[in-house]
Amino acid sequence: MKKLHLAILAVAVIAASTAFAQSNDGNTSIADPDASNIGNDSARQALREVSVDRFEREGSWNVHISSDYGVIAGRLFEGSPLAKEPLNDAANQEMEDTKVLGVKVEFFRRGVNQFFITAARPIAIEGVTKTVSVWACGRNMGHQLWLLVQDYNGHNFEIWMGSLEFSGWKKITAAIPPSPDSEHGIVQSSVYHGDKPGLRIVGFRVDCNPMEAKGSFYMYLDDLRAVTDLYDMENRDADDMNDAW
């Protein structure tokens with residue numbers, strides 16, 4: 001009987017390993033999530049990649065760090081990642097895209113530090129957001145980038161985007177986990193919500209590696225985008241009433 005149990009366990013492990021390998025081919029890795037597979041419980045989807053912000057306007061983003069940790073400054077610079085793909089959106093292709101947001105932090109001492117990069121006003125995204133991406137340059141420091149979002153109900157959430165431990169520019173993408181029942185988690189769609197945007201981008205938080213949080217640290221951000229499902233908005237009847245009164 002014991003040998004039978006071991007044989008069943010071995011078969012289960014092999015099957016799980018095969019499924020894991022199959023689910024991690026192509027664009028289905030955690031670092032590069034496939035928007036079409038996130039919360040995909042229906043074939044009715046109209047995925048679009050949209051521009052959330054291109055960091056082109058002075059004063060539209062704020063930076064903050066505790067006065068116990070150090071001092072911080074943020075400003076725009078001329079430039080752009082060379083590897084950035086053009087946005088497949090005719091309405092936004094003519095928008096200016098020549099600047100990036102630069103952030104400089106001067107730490108007082110090593111420690112468990114963090115700083116924030118927040119939009120002057122939360123940026124709403126139409127439809128049901130599947131993924132959010134941003135181009136980042138973190139000077140190969142082991143600090144962690146978090147995305148700060150707010151759902152339809154005004155609840156705040158943090159989503160890990162990745163480490164800044166790489167050289168040059170890199171596109172970092174985070175998947176937005178769907179709500180299991182439209183009541184818990186990040187709620188973006190519900191029969192009670194009407195056609196209002198379900199997700200708002202609040203900004204970013206950087207958790208600093210205590211061993212590397214010393215001296216001056218520079219980072220840059222550009223081209224904040226989202227892949228969103230606009231099916232309900234694009235298929236709304238022209239004679240349907242707007243529940244916003």
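- Shown here are the ring-ring contact (aromatic ring centres under 6.0 Å, His included) partners of F55, two or more places apart in sequence or in another chain: W61.
- The two residues V128 and S189 make their nearest non-hydrogen contact at CG2-CB, 3.9 Å.
- The side chain to side chain donor-acceptor pair (under 3.5 Å) check on R57 picks up D53, with sequence neighbours excluded.
- Under the rule for a side chain to side chain donor-acceptor pair (under 3.5 Å), the partners of D181 that lie at least two apart in sequence or sit in another chain are H184.
- Taking OG1 of T118 as the reference point, atom CG of L148 lies at 8.5 Å (rounded to 0.5 Å).
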Quiz item: Should D207 and W160 be marked as a side chain to side chain contact (heavy atoms under 4.5 Å, CB included) after you check the CA-CA gap, both sets of side-chain angles, and the distance that decides it?
Solution: CA-CA 10 Å; D207 291 343; W160 182 71; over 6 Å; no

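- Of the possible polar contacts, one joining the D151 side chain to the N153 backbone as a donor-acceptor pair under 3.5 Å is found.
- Under a hydrophobic clustering in which Ile, Leu, Val, Met, Phe, Trp and Tyr are joined whenever their side-chain heavy atoms come within less than 4.5 Å, directly or via other members, L101 and I201 fall into the same cluster.
- Side-chain atoms of K214 and R109, non-hydrogen and from C-beta on, never get closer than 4.5 Å to each other.
- Within the 4.5 Å cutoff, side-chain heavy atoms of I186 are placed close to those of P177.
- Atom NZ of K99 has more than 12 heavy atoms from other residues, nucleotides or ligands within 6.0 Å.
- Two residues are said to be in side-chain contact when any heavy atoms from C-beta on lie closer than 4.5 Å; H155 and F157 meet this criterion.
- Taking all atoms of both residues into account, the shortest heavy-atom contact from M161 to S133 is CE-CA, 4.4 Å.
- Grouping the Ile, Leu, Val, Met, Phe, Trp and Tyr side chains by contacts below 4.5 angstrom, directly or via other members, places L145 with L147.
- Rounded to the nearest 0.5 Å, atoms CG (L224) and CD1 (I125) are 7.0 Å apart.
- Between L164 and Q144, every side-chain heavy-atom pair lies at or beyond the 4.5 Å cut-off.
- In this structure, OG on S51 lies 9.0 Å from CD1 on I123, to the nearest 0.5 angstrom.
- Applying the 4.5 Å side-chain rule to ILVMFWY residues, one finds that M211 remains a lone member of its cluster.
- Annotation for N209 and G142: closest pair CB-O, 3.4 Å, computed over non-hydrogen atoms.
- One distance of note links CG of L76 with CD of E58; it measures 4.0 Å at 0.5 Å rounding.
- For the residue pair F115 and V103, the shortest heavy atom distance occurs at CE1-CG1, 4.1 Å.
- Listed here is the closest heavy atom pair of T228 and E126: OG1-O, 2.6 Å.
- How far CE of M219 is from CZ of R139: 10.5 Å, rounded to the nearest 0.5 Å.
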Practice problem: Evaluate the criterion salt bridge (charged side-chain N to carboxylate O under 4.0 Å, His left out) for residue pair D97 and K84; output intermediate values, then yes/no. | Solution: CA-CA 11 Å; D97 189 12; K84 185 169 61 175; 2.7 Å; yes

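- Contact check for D68 versus F108: no side-chain heavy atoms found under the 4.5 Å cut-off.
- In this structure, E78 and T98 approach most closely via the heavy-atom pair OE1-O, 3.4 Å.
- Of the charged side-chain nitrogens involved, none lies within less than 4.0 Å of a carboxylate oxygen, so that D222 and R54 do not count as a salt-bridged pair.
- You'll find the side chain of I159 reaches within 4.5 Å of the side chain of V149, heavy atoms only.
- At least one side-chain heavy atom of R225 sits under 4.5 Å from a side-chain heavy atom of L87.
- Connection of L221 to V206 is established within a shared hydrophobic cluster, with ILVMFWY side chains joined at heavy-atom distances below 4.5 Å, either directly or through further cluster members.
- When the side chain to side chain contact (heavy atoms under 4.5 Å, CB included) test is applied to M141, the partners found at least two apart in sequence or on another chain are H143, E212, F217.
- The structure places OG of S179 at 9.0 Å from CD of Q188, a figure rounded to the nearest 0.5 Å.
- Taking 4.5 Å as the limit, every side-chain heavy atom of I65 sits out of range of all side-chain heavy atoms of F116.
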Practice problem: Please report the C-alpha distance between K130 and L47 in whole Å, then the side-chain angles of each, then the deciding distance to 0.1 Å, and finally whether the side chain to side chain contact (heavy atoms under 4.5 Å, CB included) criterion is met. | Solution: CA-CA 9 Å; K130 303 292 186 176; L47 297 180; 4.0 Å; yes

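- Side-chain N/O atoms of N140 and E165 include no donor and acceptor closer than 3.5 Å.
- Listed by chain and number, the hydrophobic cluster partners of W135 are F77, V100, W169, Y218, Y220, where partners are ILVMFWY side chains within reach of under 4.5 Å, directly or through others.
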